[in-house]
Amino acid sequence: MTTAPHFTIADSAEDPDADVWFAEPAGFTAVPLEALLPSPDSSAAGNLRTALAPLLQAAPDGVARQQFIAQFTQGQHLLGALREAGTVHCSIGLHRDDVEEGVASSGSRPLLSFFTVSWRATAVSPRAVTAARAVSGLDAQACIEYVELPCGPVTFSESVHTPRADSGIPQLPLAQFHAHLPHPDCKRLAVFTLSTTAVGHREQYRAILRHIVGLATFENPLAPAATTP
């Protein structure tokens with residue numbers, strides 16, 4: 001028996017200013033950018049303080065409370081940098097490592113990933129040209145592919161990077177998968193990025209991103225169908 005796919009529609013899908021629609025598979029939790037980065041004197045800032053109050057009160061002592069505040073502030077700075085770079089959506093993926101489950105005697109381990117959608121302004125040109133230009137300056141070792149999907153021309157690219165020793169970041173290889181989707185107005189580019197340190201699961205994460213992009217559209221799928229007179 002074939003089970004019909006189940007979709008949960010996020011509030012953002014009803015946003016009249018939305019420019020791209022997509023569906024994430026199970027295991028991804030959206031990070032509320034606007035709620036976590038409110039204007040200081042806005043009502044949203046008050047809501048954020050109210051939401052954080054129980055967590056601060058639950059801290060065992062002042063040191064733990066200050067550590068939580070420092071880590072939360074660091075996270076806000078990271079999200080702020082992403083938003084300044086054009087990021088309009090991000091989510092955290094948590095999945096079970098069922099590939100290695102039968103090999104490791106200790107059972108499966110959780111796999112983390114980070115998914116973002118960002119906008120980039122581009123020179124006005126045909127969409128296929130924009131898609132090709134998006135990957136033209138990449139490293140020669142990067143894997144690149146051009147495809148035609150329901151949303152239009154798309155270029156995929158992927159690479160593995162290791163942080164510099166002086167970056168203060170754990171020296172773990174980071175696999176990044178990008179999809180470049182030119183908008184029909186030919187003036188901008190949507191970039192879907194999936195990042196993970198689970199480099200051994202590149203094939204699975206590559207499939208996840210392609211699944212997301214395969215369902216992406218620049219036309220509101222929730223708009224009522226036009227009726228013919």
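Not measured: the values here are computed from a predicted model. Along the sequence shown, residues are numbered consecutively beginning with 1.
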Residue pairs passing the side-chain hydrogen bond (donor to acceptor under 3.5 Å, both in side chains) test with at least one member in residues 175-195, sequence neighbours excluded, are Asp19-Arg188, Ser157-His180, Gln176-Ser195, His178-Thr193, His183-Asp185, His183-Arg188, Asp185-Arg188
Sequence neighbours left out, what passes side chain to side chain donor-acceptor pair (under 3.5 Å) with Glu84? Give chain and number order. none
Side chains of Phe192 and Ile212: does their closest heavy-atom pair fall under 4.5 Å? yes
Looking at side-chain heavy atoms only, is the closest gap between Val191 and Val117 below 4.5 Å? no
Close side-chain approach of Thr162 and Leu172, heavy atoms under 4.5 Å: no
Would you call Glu145 and Arg210 a salt bridge, taking side-chain N to carboxylate O under 4.0 Å as the test? yes
Got a donor-acceptor contact below 3.5 angstrom from the Arg127 side chain to the Pro153 backbone? no
Single-linkage hydrophobic cluster, 4.5 Å side-chain cutoff, Leu149 and Val135 together: no
Within the structure provided, determine whether Val160 and Leu174 are in side-chain contact (heavy-atom separation under 4.5 Å). no
Test side-chain contact (heavy atoms from CB on, under 4.5 Å) on Leu209 and Phe115 and set out the steps. CA-CA 9 Å; Leu209 182 62; Phe115 173 67; 4.0 Å; yes
If we count only N and O atoms by modelled type, under 3.5 Å, do the side chains of Thr87 and His89 hold a donor and an acceptor together? no
Does Phe22 share a hydrophobic cluster with Leu189, counting links as ILVMFWY side-chain heavy atoms below 4.5 Å and allowing steps through other members? no
Measure the shortest side-chain to side-chain distance between Trp119 and Val20 over non-hydrogen atoms and say whether it is less than 4.5 angstrom. yes
When rounded to the nearest 0.5 angstrom, what is the spacing between CG in Leu194 and CD in Glu24? 9.5 Å
For the residue pair Leu94 and Leu111, establish whether any side-chain heavy-atom pair is separated by less than 4.5 Å. no
Between Leu215 and Trp21, does a side-chain contact (heavy atoms from CB on, under 4.5 Å) hold up when you go through it step by step? CA-CA 8 Å; Leu215 295 175; Trp21 289 260; over 6 Å; no
Check for a donor-acceptor pair, side chain of Thr217 on one end and backbone N or O of Glu219 on the other, with a separation under 3.5 Å. yes
His201 and Tyr205 aromatic ring geometry - parallel, tilted or perpendicular at 30°/60° bounds: perpendicular
Pairwise distance CD(Gln57) to CZ(Arg65) - rounded to 0.5 angstrom: 8.5 Å
ILVMFWY network linking Leu48 to Ile69, side-chain heavy atoms under 4.5 angstrom: yes
From OG (Ser113) to CD1 (Ile92), nearest 0.5 Å: 9.0 Å
Checking side-chain contact (heavy atoms from CB on, under 4.5 Å) for the pair Thr197/Leu112: CA distance, chi angles, key distance, verdict? CA-CA 8 Å; Thr197 56; Leu112 289 171; 6.0 Å; no
Step-by-step side-chain contact (heavy atoms from CB on, under 4.5 Å) determination, Leu56 to Phe68: CA-CA 8 Å; Leu56 294 174; Phe68 173 82; 3.4 Å; yes
What residues, two or more places apart in sequence or in another chain, satisfy salt bridge (Lys or Arg N to Asp or Glu O under 4.0 Å) together with Arg83? Glu34
Phe28-Val88 co-clustered via ILVMFWY side chain contacts under 4.5 Å: yes
Would Glu148 and Tyr146 count as having a side-chain donor-acceptor pair, cut-off 3.5 Å? yes
Using the rule that Ile, Leu, Val, Met, Phe, Trp and Tyr join whenever any side-chain heavy atoms are under 4.5 Å apart, tell me whether Phe114 and Leu37 fall into a single cluster. yes
If you count every heavy atom of other residues, nucleotides or ligands that lies below 6.0 Å from Gln74 atom CD, does the total exceed 12? no
To the closest 0.5 Å, what do you measure between CG (Leu181) and CZ (Phe156)? 7.0 Å
Taking the side chain as every heavy atom from C-beta outward, state whether Arg120 and Ser118 have any atom pair closer than 4.5 Å. no
